[in-house]
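Here's the structure we're looking at; comments come further down.
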Amino acid sequence: MTNKFLISLTKKYESPLYVYDAEKIISQYNRLSNAFSSVQNLKINYAAKALSNISVLKLFRSLNSGLDTVSVQEVQLGLKAGFDPKNIIFTPNGVSLDEIEQAMELGVQINIDNISILEQFGQKHPEVPVCIRMNPHVMAGGNKKISVGHIDSKFGISIHQLPHIHRVVENTGMMINGVHMHTGSDIYDIDAFLRATEILFNVAASFKDLEYIDFGSGFKVPYKEGDIQTDIEELGEKLSKRFNDFCAETGKDLTLMFEPGKFLVSEAGQFLVNVNVVKQTTSTVFAGIDSGLNHLIRPMFYDSYHHIENLSNSKGKKRFYTVVGYICETDTFGTNRQISEIKEGDILSFKNAGAYCYSMASNYNSRYRPAEVLVNKGKDYLIRERETIEDILNKQIAVSLPV
Ligand SMILES: *Cc1c(COP(=O)(O)O)cnc(C)c1O
């Protein structure tokens, strides 16, 4: 997409604006499929929470992807997008037995991540096959805030509790059809990831009714030039071979599953904003934009880096800026960024705005959430309208107290 085209979208749909490139999503999906092409039964379940617009879900549906969901509402969205319930996996954390039963009623694959619920579910519904989320206690990335496979993590059942799992399974007569792990975001050490998969293979060997092994996700994508990323091709080569050997050794015809979010949609997204004000202070030059942590919270929440480009002056002389939002909080997007000279009214683009950006947006400061546009083969499709004051007031009840 050229800068001129992107700027024209901000004229057509106003700023701020989320723009997603369908072709990039498709090429990432194909890249992952191709890396594991030697595996007979491969299933990629897109993690809906990364970007949950129904048109994006429908795109994944048309690619024959499955869907990974973490709430019963995401399951409902997936069904509305046309997914067969058999192709939806429900992998929540810390939800009630009631919510798991709602998902079961909808006919989706259940994944359970604690022994208490496993035991209760198994006693009530021994005929419903479930998958178990294991915690292999391996740190595959460096950041504890987004790593969920370490020893202190709230996610999954510890591999050291495998004997207890087996006792529950035997006592209830339930069937375990899958084992799962998700070590969390930002795998850059493939060997650490492969060590975790070895632990999962060991667990898998102990279940006789197994149909699939789900290796979760956490593939790292580049956020700036020269950034490390997960080498999907190397991982594909090594893990495919190991998986095929495991199937041959155990005589089982298993399915290999992944559930990536970030890898599939992060790079496809851009967030376009308008510069409201350029403000020189005693210590820096601020570029103040028509957005804030209400629309893109990752920089403040995770210290994540989003590359910022001035689309209106891409060839201009580079200068140093601190890019900040309009929310009445400290909402700094980037400090000391070298960006082509910025004037008020310029359009800036935040890169890697596909995953965990719109889906984490809020109405803080009673601001509207932005519109979303999906671009395919040069054609733009509005897939969500910008909100209005009616949306802000929706569900509010204006009570007048007799004071
Ligand atoms: C969030 C999540 C994912 C997706 O993680 P990414 O880092 O976006 O690939 C996969 N599986 C589960 C269970 C998740 O909660």
Side-chain angles (χ1 to χ4, degrees), residues 20 25 28-29 31-32 35 43-52 56-57 60 65-75 77-78 87-95 99-100 103 108-114 130-136 138-150 153-157 178-190 192-193 196-197 200 212-223 227-230 232 235 256-269 298 301-302 304 352-360:
Y20 312 117
I25 294 176
Q28 288 293 95
Y29 184 87
R31 191 179 153 205
L32 184 57
K43 197 149 163 233
I44 299 170
N45 298 318
Y46 167 60
K49 73 177 187 289
L51 177 61
S52 48
V56 173
L57 302 188
F60 279 105
S65 170
L67 200 65
D68 176 68
T69 58
V70 293
S71 69
V72 75
Q73 291 79 8
E74 281 188 354
V75 172
L77 267 181
N87 292 326
I88 299 180
I89 178 163
F90 183 53
T91 58
N93 171 257
V95 304
E99 186 170 337
I100 291 181
V108 305
Q109 169 69 50
I110 305 292
N111 187 350
I112 294 182
D113 99 322
N114 66 83
V130 302
C131 169
I132 296 180
R133 178 172 186 167
M134 304 299 302
N135 184 336
V138 171
M139 279 275 274
N143 185 344
K144 212 168 179 181
K145 238 180 174 172
I146 54 174
S147 176
V148 294
H150 59 84
S153 168
K154 68 165 185 163
F155 296 95
I157 303 174
V179 290
H180 167 271
M181 71 172 199
H182 172 60
T183 60
S185 280
D186 284 1
I187 297 160
Y188 45 79
D189 182 351
I190 288 186
F193 186 77
T197 66
L200 200 62
Y212 66 89
I213 305 180
D214 184 341
F215 294 100
S217 172
F219 305 132
K220 181 165 167 44
V221 296
Y223 276 69
D227 234 1
I228 36 170
Q229 55 173 307
T230 310
I232 294 291
L235 180 67
L256 191 166
M257 283 193 195
F258 281 117
E259 46 192 35
K262 187 187 276 185
F263 178 81
L264 296 172
V265 297
S266 175
E267 295 163 279
R298 299 185 77 252
F301 196 22
Y302 301 123
S304 15
N352 287 78
Y356 308 106
C357 293
Y358 190 95
S359 62
M360 285 191 178

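Atom set for the values below is all heavy atoms of this structure, side chains included, hydrogens, waters and symmetry mates excluded. Numbering of ligands and ligand atoms starts at 1, following listing order. Everything numeric here is computed off the predicted structure, so don't read it as measured data.
If you number the atoms of ligand 1 from 1 as listed, the ones under 4.0 Å from a heavy atom of Y356 come out as 1 (C), 4 (C), 5 (O), 6 (P), 8 (O). For ligand 1, the atoms closer than 4.0 angstrom to any heavy atom of D68 are 10 (C), 11 (N), 12 (C). Under a 4.0 Å criterion applied to the non-hydrogen atoms of P260, ligand 1 contributes the atoms 9 (O). Of all the atoms in ligand 1, the ones that sit under 4.0 Å from a non-hydrogen atom of R133 are 13 (C). For ligand 1, the atoms closer than 4.0 angstrom to any heavy atom of G261 are 4 (C), 6 (P), 8 (O), 9 (O). With ligand atoms numbered from 1 in the order given, ligand 1 contributes 7 (O), 9 (O) to contacts under 4.0 Å with heavy atoms of G218. Every atom of ligand 1 is numbered from 1 in the order shown, and the set under 4.0 Å from a heavy atom of A47 is 3 (C), 4 (C).
In N93, neither the side chain nor the backbone holds a heavy atom less than 4.0 Å from any atom of ligand 1. Heavy atoms of K262 found under 4.0 angstrom from ligand 1 belong to the backbone as well as the side chain. Neither the backbone nor the side chain of A50 comes within 4.0 Å of ligand 1, counting heavy atoms alone.
Under the rule for a side chain to side chain donor-acceptor pair (under 3.5 Å), the partners of D113 that lie at least two apart in sequence or sit in another chain are N93.
Ligand 1 has a nitrogen or oxygen under 3.5 angstrom from a nitrogen or oxygen of S217.
Counting only distance, with no hydrogens or angles, the side chain of Y46 and the backbone of L51 share a donor-acceptor pair below 3.5 Å. Proximity of a side-chain donor or acceptor of E99 to a complementary backbone N or O of V72 within less than 3.5 Å is detected. For the pair Q229 (side chain) and P222 (backbone), a donor-acceptor distance under 3.5 Å is absent.
Rounded to the nearest 0.5 Å, atoms CZ (F193) and CE (M181) are 4.0 Å apart. Rounding to the nearest 0.5 Å gives a distance of 6.0 Å between CG of N45 and OG of S65.
Aromatic rings from F258 and F219 are positioned such that their centres are separated by under 6.0 Å.
Across every non-hydrogen atom of L67 and A48, the tightest pair is CD1-CB, 4.0 Å.
Of the candidates E259, K49, M181, the one placing a heavy atom closest to atom 14 (C) of ligand 1 is K49.
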